[in-house]
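Down below is the structure, laid out as structure tokens.
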Amino acid sequence: MSTWKDELKEILPDRLLTEPADCERYQRDMVADRTLHRLPEAVVLPQSTEEVRNLMRLASRHRLPVTPRGGGSGLSGGAIAAPGGIVCSLERMDRVLEVDEENLMARLQPGVITRELDRRLEPLGLFFAGYPMSEEICTIGGNVATNAGGGRAVKYGVTAAHVLGLNVVTASGELLELGGKRLKDVTGLNLLPLFVGSEGTLGIITEITLRLTPRPSHRGVLLASFPAVDLATAAVGALRRGGAVGEAAGEVPSAIEYIDGATARGAAAELWRQGGGIVTAIASPAEAILLVEAEAQSEGELAGHLERYSRALTTNGGKLLRGSDAELWKLRKAVPWWVKRQSGQWHSVEDVVVPPAEVGALVRRARTLAAKAQLPVAIFGHAGDGNFHINPMKPPQISEEEWEPILARFLTDLYQLARSLGGTISGEHGIGRKRRRYVADAIPASTLAAMQAVRLAFDPEGILNPGVLLP
Ligand SMILES: Cc1cc2nc3c(=O)[nH]c(=O)nc-3n(C[C@H](O)[C@H](O)[C@H](O)COP(=O)(O)OP(=O)(O)OC[C@H]3O[C@@H](n4cnc5c(N)ncnc54)[C@H](O)[C@@H]3O)c2cc1C
């Protein structure tokens, strides 16, 4: 009797990796915890929807677990194979099939790198507004499968707001064609949103129709330091209405990002050493930093927005810091990498989300939790939409053996804190393998049962990304 490997060799002979050395780079994504890494039994690299269908028919016959994978930039271990399973990497399905300027839409294969799409759209004065801040390394398919939300979600919403159509291959190899180039569609049940954020557990996305957004011709960035966290979070409240306290509402900023003072200083110092010359004036008393971005269609309009946002910052005690727009964004984008370099695998990237008005309480109480647990914690994130990265790091006096239970206790408390404020455990990175054990506490039992029933309906054998998302 032929094995699944023999059959795979027959259907995808030159797009199959089986040697451990070739599969090595597919054993991890960007999750810090190395205990989650696993070498897949094989990696397949399909080039068409038909090849993905053939793969899933075979996998279904052999009950072979399959993990779809995009750029592998996920932070929750979602793109790592199940035990005895294989990875289906969509990296070779990387064509922009169409940019439809009349309809303001694009059709794409899932493996298109998010930044590559932006390079194609920039000269046309368009962009995909749901992109995450890992745009250089992630794929559009991964963005859809995680419902990614980036630095501009406060104005434009997350990826889901921009997905109009999907082609999806199910566990049994059926092709579902959902939505399309239509801004309105109430024909039949709307299954499309189920697949956005499904982390590869309901189907493999093989084609995406995205809504495109006119690109503003002018953008400007402000960076301000605050002597107290509460002052910074009070400014966030004013900025979300587009002006200072007491002023009439105005245009909402396209980004409102937060970095705690110590983390900003660390990242800025590292950039300085690398010759980046960025923001030398993040003085030590600064407890918090806010980055605010304005968008406009003319210089005059931009100046007006920036003036209002400056007032919202300075009337709350903020001190404006100088730097070009690119330099200021560079600081914000350097922060996750700086955190990673501080603690290697011994940290946890968290992304709890709370109602926007609760960001002050979240940051204040998370700092108290960290102090109680005696853990250094780097806090930054998308303050405008309530989604914060609260990242505990192992201090040197704690041994590697002691770290896991200490971290688990801190995460339990952090997730409980988010829930007590009306929030939840993940706003953008997803559950993956990393947070699965916490899901039962985050979702009411009957709601969770309904989710499990949906998963079973699409994948009765449980071969699509088992071990990810739902318990
Ligand atoms: C420095 C850094 C910054 C980041 N910033 C952000 C941010 O601002 N916002 C944010 O939301 N995330 C952010 N992330 C996390 C990550 O980049 C996003 O989750 C991204 O959308 C993952 O895309 P990917 O192509 O790398 O997917 P992968 O990591 O390859 O996969 C992620 C999940 O999607 C599934 N999947 C991938 N492709 C498909 C497909 N075609 N069909 C079905 N399932 C699929 C996988 O099975 C897995 O469960 C950041 C990560 C890093 C390292």
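First listed ligand is number 1; within each ligand, the first listed atom is number 1. If you're wondering where the values come from, they're calculated on a predicted model, not measured in any experiment.
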With respect to [X], determine whether any N or O atom, backbone or side chain, lies less than 3.5 Å from an N or O atom of ligand 1.
X	result
Pro336	no
Ile137	no
Gly70	yes
Gly78	yes
Ile205	yes
Met133	yes
Leu90	no
Arg69	no
Gly72	yes

Does this structure show an ion pair linking [X] with [Y], if we count only N-O contacts that are shorter than 4.0 Å?
X	Y	answer
Lys155	Glu251	yes
Arg332	Glu293	no
Glu199	Arg433	no
Glu51	Arg92	no
Glu135	Arg119	no
Glu91	Arg15	no
Arg215	Asp118	yes

Angle class for the Tyr131/Phe128 ring planes (parallel below 30°, perpendicular above 60°, tilted otherwise)?
perpendicular
Considering only non-hydrogen protein atoms, determine which one is nearest to atom 22 (C) of ligand 1 and report residue, atom name and distance to 0.1 Å.
Ser73 OG, 3.4 Å
Look at atom 9 (N) of ligand 1 and say which protein heavy atom is nearest, naming residue and atom and giving the distance to 0.1 Å.
Gly149 O, 2.6 Å
Run the contact test for [X] against ligand 1 with a 4.0 Å cut-off on heavy atoms, strictly below, and give the result.
X	value
Trp337	yes
Val468	no
Ser198	no
Asp29	no

Select one of side chain, backbone, both or neither to describe which atoms of [X] lie under 4.0 Å from any atom of ligand 1, heavy atoms only.
X	value
Thr139	both
Lys333	neither
Thr206	neither
Thr146	side chain
Ser134	both

Main chain of Gly427, side chain of Asp351: is a donor-acceptor contact present, judged purely on distance under 3.5 Å?
yes
Tell me if a side-chain donor or acceptor on Asp459 pairs with a main-chain N or O of Leu464 at a distance below 3.5 Å.
yes
Under 4.0 Å from a heavy atom of [X]: give me the atoms of ligand 1 that qualify, with their elements.
X	answer
Pro110	41 (N)
Ala145	34 (O), 35 (C), 36 (N), 44 (N), 45 (C)
Glu199	47 (O), 49 (O)
Asn465	47 (O), 49 (O)
Ala148	11 (O), 21 (O)

Distance alone, cut at 3.5 Å: any donor-acceptor contact between the side chains of Glu257 and His382?
yes
Under 4.5 Å between any side-chain heavy atoms of Asp100 and Arg107, yes or no?
no
State, to 0.1 Å, how close Cys23 and Leu17 come at their nearest heavy-atom pair, and which atoms those are.
SG-O, 3.5 Å
Chi angles and distances behind the side chain to side chain contact (heavy atoms under 4.5 Å, CB included) call for Val236, Tyr258:
CA-CA 9 Å; Val236 171; Tyr258 175 99; 5.7 Å; no
